[in-house]
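In what follows, a structure is listed as structure tokens, so that the remarks can point back to it.
Throughout, a chain's letter reflects where its sequence line sits, starting with A, and its residues are numbered from 1.
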Amino acid sequence: MLTIRQIRDNEEYAIERLSVKGVDARATIEAIEELDDRRKALQTKLDKNLASQNSISKQVGALFAQGKKEEAGAARESVSALKEEARALEEELKEAESALTAQIVTLPNFPSVEVPAGRTAGDNVVVRQGGDIPVLGDSAVPHWDLVARYDIIDFELGVKLTGAGFPVYKGQGAALQRALITYFLDCNIAAGYTEVMPPLMVNEASGFGTGQLPDKEGQMYHATDDNFYLIPTAEVPVTNIFRDVIVDASQFPIKYTAYTPCFRREAGSYGKDVRGLNRLHQFDKVEIVQVARPEESYDALEGMVSHVEGIVRSLGLPYRILKLCGGDMSFTSALTFDFEVYSAAQGRWLEVSSVSNFESFQANRLKLRFKGDDGKMRLAHTLNGSSLALPRIVAALLENNQTPDGIIIPEVLRPYTRFDKIK
RNA sequence: GGAGAGAUGGGUGAGUGGCUUAAACCAACAGUUUGCUAAACUGUCGUACGGGAUUACUGUACCGGGGGUUCGAAUCCCCCUCUCUCCGCCA
């Protein structure tokens with residue numbers, strides 16, 4: 001969430017920034033201003049009341065000690081009167097505070113000045129494109145046919161065991177998953193990221209920390225007996241490592257990477273977009289997370305983008321990098337780059353990574369801070385990205401590398417798969 | 001799952017209703033002293049939200065979380081969470 005400072009320091013600027021995301025925030029910001037003033041006035045009043053309660057109560061003890069019972073009794077009564085008033089004030093203050101928070105959380109993060117204007121995915125800007133789009137013969141087929149032909153991924157078996165969207169990887173298909181995960185992790189570790197293996201279930205507080213709760217509750221699987229949620233991405237446990245943490249400024253930039261399965265209910269998805277590996281309820285992903293000093297977070301973002309680009313390039317996949325426009329960005333992001341790889345047999349681009357700088361938007365909710373050079377507490381910046389999500393990478397690899405006598409494994413993966421062809 | 005014991009600042013740890021403005025020690029930071037290192041001494045040493053000339057200064061809240069009793073709660077009561085020990089179950 002935004003800080004009250006960010007909103008009130010320059011209200012016109014805030015309104016202008018939010019309009020880039022297609023949000024007309026004027027009315028909300030005016031309401032925030034009013035509620036914040038109200039909150040401050042109430043707190044001042046309540047604090048004064050409490051201060052007199054404290055000092056009178058202290059006198060009561062002294063008066064009793066001196067044997068002045070009547071005066072003590074009178075003082076006692078005056079505190080009781082103050083208490084009643086305080087109860088009412090407290091009630092009002094709580095109301096004002098929660099009304100204020102309720103307004104603030106409706107506002108998305110400010111998009112950075114770099115964000116292009118636009119409303120839909122069509123307005124995203126291609127910043128780079130690389131690799132060659134292969135020309136496949138007439139016999140080329142989409143990955144859902146290939147995986148059946150080579151018996152490497154069994155969707156029907158997954159349906160039997162669990163349900164749609166829970167594939168079973170078999171033989172060389174399973175080995176390919178393991179190879180990709182290990183390869184991605186090795187790339188990230190080589191780039192200075194520390195590997196972590198977090199829990200795959202998180203508690204409610206963690207869900208709130210990264211903003212999955214309360215808004216996206218329906219997107220997570222919920223183990224109700226223990227009130228745990230299956231993680232939709234490693235971002236949730238890894239970023240929550242920093243919840244309520246004051247980091248030592250000398251630690252910046254903090255770089256973590258984690259492989260986890262990801263679980264998403266994907267309620268409401270249907271059609272050809274979800275065919276095969278395009279959209280699953282359980283899939284594998286390697287994530288990178290950074291916590292950075294605010295002044296350095298955009299350099300960090302650039303570093304993450306070129307790092308991910310290097311990995312995609314090493315796999316020999318045709319790719320492009322998009323800078324998302326205001327209307328297509330997530331609620332929490334300040335600047336996002338999406339990576340897409342070209343799926344030759346489907347004839348479409350598939351999103352395989354999303355790399356974002358959240359500036360202080362997540363950190364504010366997480367209370368992730370550090371002590372600045374002036375000794376004052378400041379919010380850190382958080383960033384994350386996929387590096388990479390497996391299913392669509394696998395889809396593109398299978399489709400683009402298919403030949404009449406098997407599917408070619410990219411050079412860089414062969415030390416991990418220990419075979420050079422799926423057949 | 002059962003029984004018991006606990007949770008106090010960055011750390012150790014005292015504090016069983018007002019004398020606590022949370023002691024003391026350690027760590028950290030600044031200064032003094034000093035050939036160097038070390039030591040000693042002095043001082044500083046939380047977070048959040050308010051008031052204020054946005055300096056100084058000052059108010060309130062916070063002793064795992066939430067409620068309650070009381071003029072007054074770290075301290076008494078209730079609920080919850082977590083940790084430790086023992087038992088049970090278990091890869």
Side-chain angles (χ1 to χ4, degrees), chain A residues 1-10 32-105 197-209 213 222-229 237 240-251 254 360 362-380:
Chain A
M1 60 194 281
L2 292 168
T3 63
I4 190 82
R5 268 250 157 105
Q6 280 177 294
I7 297 166
R8 294 205 65 178
D9 273 359
N10 189 341
I32 286 170
E33 193 181 352
E34 210 167 292
L35 285 165
D36 189 39
D37 287 341
R38 184 171 155 70
R39 185 194 115 250
K40 286 182 185 173
L42 284 167
Q43 199 196 321
T44 305
K45 222 166 153 187
L46 176 63
D47 283 356
K48 281 194 178 135
N49 177 304
L50 292 174
S52 19
Q53 281 191 47
N54 285 342
S55 73
I56 296 171
S57 291
K58 205 160 267 187
Q59 287 165 29
V60 172
L63 289 169
F64 268 121
Q66 294 164 26
K68 299 179 180 171
K69 288 218 169 115
E70 249 170 66
E71 286 175 55
R76 221 193 274 200
E77 268 167 47
S78 70
V79 172
S80 298
L82 282 170
K83 251 187 122 168
E84 215 155 295
E85 193 196 348
R87 236 188 280 271
L89 283 170
E90 243 165 73
E91 191 72 23
E92 278 186 83
L93 181 61
K94 241 182 223 172
E95 266 170 42
E97 272 170 354
S98 58
L100 181 61
T101 310
Q103 290 291 324
I104 293 173
V105 296
M197 276 191 135
L200 305 182
M201 288 186 170
V202 294
N203 58 27
E204 214 169 22
S206 294
F208 277 103
L213 295 173
H222 189 191
T224 52
D225 278 353
D226 296 290
N227 200 23
F228 294 151
Y229 292 86
N240 270 285
I241 290 172
F242 299 100
R243 170 156 49 88
D244 293 320
V245 165
I246 298 168
V247 300
D248 181 350
S250 68
Q251 307 278 298
I254 299 167
S360 63
Q362 277 187 331
N364 186 34
R365 196 192 276 254
L366 289 166
K367 297 198 181 71
L368 163 52
R369 297 166 297 169
F370 68 100
K371 199 170 266 190
D373 297 333
D374 58 357
K376 288 202 174 136
M377 285 297 169
R378 297 179 61 195
L379 292 170

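- Residues that satisfy the salt bridge (charged side-chain N to carboxylate O under 4.0 Å, His left out) test with A:R39, not counting sequence neighbours, are A:D36.
- With pairs defined as Watson-Crick or G-U wobble and both atom distances under 3.5 Å, the stems of at least three pairs that touch RNA chain B come out as B:1-7 with B:81-87, B:10-12 with B:24-26, B:28-32 with B:40-44, B:46-51 with B:57-62, B:64-68 with B:76-80.
- Across B:rU54 and B:rC63, the matching P atoms stand 34 Å from one another, rounded to whole Å.
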List the protein contact pattern of nucleotides 45-56 of chain B with one symbol per nucleotide (5' to 3'): B for base contact, S for sugar-phosphate-only contact, - for none; contact means a heavy-atom distance under 4.0 Å. --SSBSS-----
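- Distance, A:Q53 CD to B:rG59 C1': 14 Å, rounded to whole Å.
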Each nucleotide N or O in nucleotides 61-64 of chain B that has a protein N or O under 3.5 Å away: list the pair and distance.
none

Which donor-acceptor pairs under 3.5 Å do the side chains of residues 73-80 of chain A make with protein atoms, sequence neighbours left out?
{"residue": "A:S78", "atom": "OG", "partner": "A:A75", "partner atom": "O", "Å": "2.8"}
{"residue": "A:S80", "atom": "OG", "partner": "A:R76", "partner atom": "O", "Å": "3.3"}

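- Between B:rA28 and B:rG11, the two C1' atoms lie 11 Å apart (nearest whole Å).
- Nucleotides B:rA23 and B:rU81 have their C1' atoms positioned 30 Å apart, rounded to a whole Å.
- Nearest-nucleotide positions on RNA chain B for A:S55 and A:S80 put A:S55 closer to the 5' end.
- In this structure, the CD atom of A:E91 is 11 Å from the P atom of B:rG67, given to the nearest Å.
- In this structure, A:Q103 has no side-chain hydrogen bond (donor to acceptor under 3.5 Å, both in side chains) partners at least two apart in sequence or on a different chain.
- Glycosidic conformation of B:rA39 is anti; the angle lies outside 90° of 0.
- For A:R378, the salt bridge (charged side-chain N to carboxylate O under 4.0 Å, His left out) criterion is met by A:E295, not counting sequence neighbours.
- Taking A:F242 as the reference, A:Y256 meet the ring-ring contact (aromatic ring centres under 6.0 Å, His included) condition, with sequence neighbours excluded.
- A:E70 has its CD atom 18 Å from the P atom of B:rC71, to the nearest Å.
- Remark: the separation of the P atoms in B:rC78 and B:rG4 is 14 Å, to the nearest Å.
- The CZ atom of A:F228 sits 7.0 Å away from the CG atom of A:N203 when rounded to the nearest 0.5 Å.
- Atom name P, nucleotides B:rG68 and B:rG59: the rounded distance is 26 Å, in whole Å.
- Applying the side-chain hydrogen bond (donor to acceptor under 3.5 Å, both in side chains) test to A:T3 and every residue at least two apart in sequence or in another chain returns A:Q6.
- As rounded to whole Å, 16 Å separates atom C1' of B:rG9 from atom CG of A:D244.
- With values rounded to the nearest 0.5 angstrom, A:I254 atom CD1 is found 7.5 Å from A:L368 atom CG.
- In terms of the salt bridge (charged side-chain N to carboxylate O under 4.0 Å, His left out) criterion, residue partners of A:E92 (sequence neighbours excluded) are, by chain and number, A:R38.
- Between B:rA3 and B:rG18, the two P atoms lie 34 Å apart (nearest whole Å).
- Taking atom P in both B:rG50 and B:rA40, one finds a spacing of 43 Å when rounded to whole Å.
- Looking at heavy-atom distances under 4.0 Å, A:V79 makes contact with sugar-phosphate atoms alone, never a base.
- Mapped onto RNA chain B by nearest heavy atom, A:A75 and A:Q59 fall at different nucleotides, with A:Q59 at the one closer to the 5' end.
- Residues satisfying the salt bridge (charged side-chain N to carboxylate O under 4.0 Å, His left out) test with A:D37, not counting sequence neighbours, are A:R8.
- Rounded to an integer number of Å, the gap from CZ of A:F370 to P of B:rG10 is 18 Å.
- Look at CZ on A:F228: it is 11 Å from P on B:rU81, rounded to the nearest Å.
- Residue A:S360 holds its OG atom at 5.0 Å from CG of A:L379, rounded to the nearest 0.5 Å.
- Of all heavy-atom pairs spanning A:L42 and A:A96, the tightest one is CD1-CB, 4.2 Å.
- Applying the side-chain hydrogen bond (donor to acceptor under 3.5 Å, both in side chains) test to pairs two or more places apart or on separate chains, those with a residue in residues 49-60 of chain A are A:N49-A:Q53, A:N49-A:E85.
- Comparing the C1' positions of B:rG46 and B:rU21 gives a spacing of 15 Å, expressed to the nearest Å.
- Closest to the A:K83 side chain, of the nucleotides B:rG67, B:rG18, B:rU70, is B:rU70.
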